[in-house]
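Below, all heavy atoms of this structure are taken into account, side chains as well, without hydrogens, waters or symmetry copies. If you're wondering where the values come from, they're calculated on a predicted model, not measured in any experiment.
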Amino acid sequence: MLFLCMIWGFNFVIMKLGNGVFPPVLFAAFRFLLGVIVLFGLSYFKKIPMPGKRELKWYILCGILQTTYFNIAIQISLNYISAGLTSVLTYSMPLFLSLMAHYFIPGEKLTAGKTGGILIGIFGLFLAMNIHLGENIWAPILALSSAIAWALSSLIFKKKLQGCDNVQFTTWQMGAGAIGLFLYSFSFEHGESHWSLMAVVYLLYSGILASALAFVIWSHILSKMEASKASISLLIVPVVGTLSGFLFLKEDLSAITLLGIILVLSGIWLVNHTGSAHSTLQNQRFLIGKKDKY
């Protein structure tokens with residue numbers, strides 16, 4: 001999870017640089033197309049079969065939610081509100097996924113500790129990004145909808161696709177999403193692409209590491225961990241993005257930002273610690289029950 005957050009966090013720097021040489025949605029489309037090419041090659045090498053009709057419909061739906069809509073909503077929001085506010089609203093996803101999991105996934109009920117940890121973490125993000133809401137209220141709502149779309153895609157994966165091959169899922173959902181991004185870009189974007197060696201480097205990082213590898217890792221983590229634990233840990237991503245911006249783009253890093261980072265990490269610890277304690281208690285009760293039985 002930490003490795004994943006490092007990749008996605010530094011990708012904020014790469015995306016900002018990449019958006020300077022490509023139209024934003026087209027850059028995302030190229031990024032995911034490259035990731036799909038790599039994953040199809042991996043699927044061929046590992047002899048991963050084609051998905052069945054049952055899985056394919058869910059793969060396409062997840063691709064539309066998690067790749068197409070998610071990225072379009074972010075890119076449009078960035079034109080009207082700050083990158084910091086967009087990041088915070090996008091990474092409020094853990095709150096929505098935890099709420100969905102509470103009602104739809106057995107065994108993933110929200111506790112007071114988990115809820116408190118999630119709220120502390122999201123409040124910490126607002127401080128870390130030094131957020132100021134502007135007049136365009138629809139833009140924050142659009143950014144917030146990207147978090148809901150991501151959470152819904154993750155819920156579908158947990159509910160409908162448990163046991164599926166993570167590489168197969170990532171390949172096909174990303175492929176469906178990339179098609180949607182290209183369609184949007186060709187229909188509504190009019191900027192020019194400026195190809196260079198560094199432009200290729202930006203695409204290689206975003207396409208291979210931050211897309212192909214990272215989304216396979218995310219699917220694997222999501223299949224092994226509780227949704228609330230996995231999602232709250234993603235709050236590390238904008239923290240890494242903020243620190244990366246300070247180190248590589250010379251962006252400001254204030255005392256209130258550092259306080260926000262501490263609150264984010266505290267919230268993540270609280271959610272995971274609460275979950276571990278709850279699991280330990282459940283295991284102890286189970287073992288005591290077995291001992292009494294025999």
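- The aromatic ring centres of Phe22 and Trp195 sit less than 6.0 Å apart.
- Nearest heavy-atom pair across Val167 and Ser43 is CG1-OG, 3.7 Å.
- To the nearest 0.5 Å, atoms CG (Leu222) and CD1 (Ile217) are separated by 13.5 Å.
- Side chain to side chain, Thr171 and Tyr59 fail the donor-acceptor criterion of an N or O pair below 3.5 Å.
- Under the 3.5 Å distance criterion, the side-chain polar atoms of Tyr205 are matched with a main-chain donor or acceptor of Ile7.
- The side-chain heavy atoms of Ile262 and Ser266, taken from C-beta on, include a pair separated by under 4.5 Å.
- Looking at residues two or more places apart in sequence or on another chain, you find no side chain to side chain donor-acceptor pair (under 3.5 Å) involving Tyr202.
- A donor-acceptor pair under 3.5 Å is formed between the side chain of Glu189 and the backbone N or O of Leu26.
- Centroid-to-centroid, the aromatic rings of Trp8 and Phe215 come within less than 6.0 Å.
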Worked verdict on Phe40 versus Tyr44 for ring pair (Phe, Tyr, Trp, His ring centres under 6.0 Å): CA-CA 6 Å; Phe40 266 120; Tyr44 177 79; over 10 Å; no
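- Counting only heavy atoms from C-beta outward, the side chains of Lys114 and Glu226 approach each other to under 4.5 Å.
- Between Phe30 and Phe182, the ring planes are perpendicular. Angles over 60° get that label, and only those under 30° would be called parallel.
- Looking at Lys158 and Gln162, their side chains come closer than 4.5 Å, going by heavy atoms from C-beta outward.
- Remark: side-chain polar atoms of Thr90 are not paired, donor with acceptor, to backbone N or O of Ala147 under 3.5 angstrom.
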Criterion side chain to side chain contact (heavy atoms under 4.5 Å, CB included) on Ile236 and Met6, from CA distance to verdict: CA-CA 8 Å; Ile236 297 173; Met6 295 292 287; over 6 Å; no
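- The NE2 atom of His220 sits 11.5 Å away from the CG atom of Leu4 when rounded to the nearest 0.5 Å.
- Other residues, nucleotides and ligands contribute over 12 non-hydrogen atoms within 6.0 Å of the NZ atom of Lys109.
- For Asp165 (side chain) and Gln168 (main-chain N/O), a donor-acceptor pair under 3.5 Å exists by modelled atom type.
- Contact annotation: the side chain of Phe27 never approaches that of Ser193 to less than 4.5 Å [non-hydrogen atoms, C-beta and beyond].
- Within the 4.5 Å cutoff, the side chain of Leu78 has no heavy atoms near those of the Pro24 side chain.
- Side-chain contact between Tyr91 and Val237 is present, with at least one heavy-atom pair separated by less than 4.5 Å.
- Formation of a donor-acceptor pair under 3.5 Å by the Arg31 side chain with backbone atoms of Leu203 is not found in this model.
- Under a 3.5 Å cut-off, the side chain of Asn71 and the backbone N or O of Thr67 do form a donor-acceptor pair.
- Contact annotation: the side chain of Phe157 approaches that of Cys164 to within less than 4.5 Å [non-hydrogen atoms, C-beta and beyond].
- Distance alone, capped at 3.5 Å, places no donor-acceptor pair between the Trp150 side chain and the Phe70 backbone.
- Few gaps surround CE on Met225; more than 12 heavy atoms of other groups in view lie less than 6.0 Å from it.
- Taking each heavy atom of Ala151 and Phe96 in turn, the nearest pair found is CB-CB, 3.9 Å.
- Under a 3.5 Å cut-off, the side chain of Ser211 and the backbone N or O of Ile208 do not form any donor-acceptor pair.
- In this structure, Ser231 contributes its side chain and Ala227 its backbone to a donor-acceptor pair below 3.5 Å.
- Atoms SG and NZ, on Cys62 and Lys160 in that order, are 11.5 Å from each other to the nearest 0.5 Å.
- In this structure, Tyr184 and Thr68 have side chains that are not in contact, with every pair of non-hydrogen atoms separated by 4.5 Å or more.
- With sequence neighbours left out, the salt bridge (Lys or Arg N to Asp or Glu O under 4.0 Å) criterion links Glu55 to no other residue.
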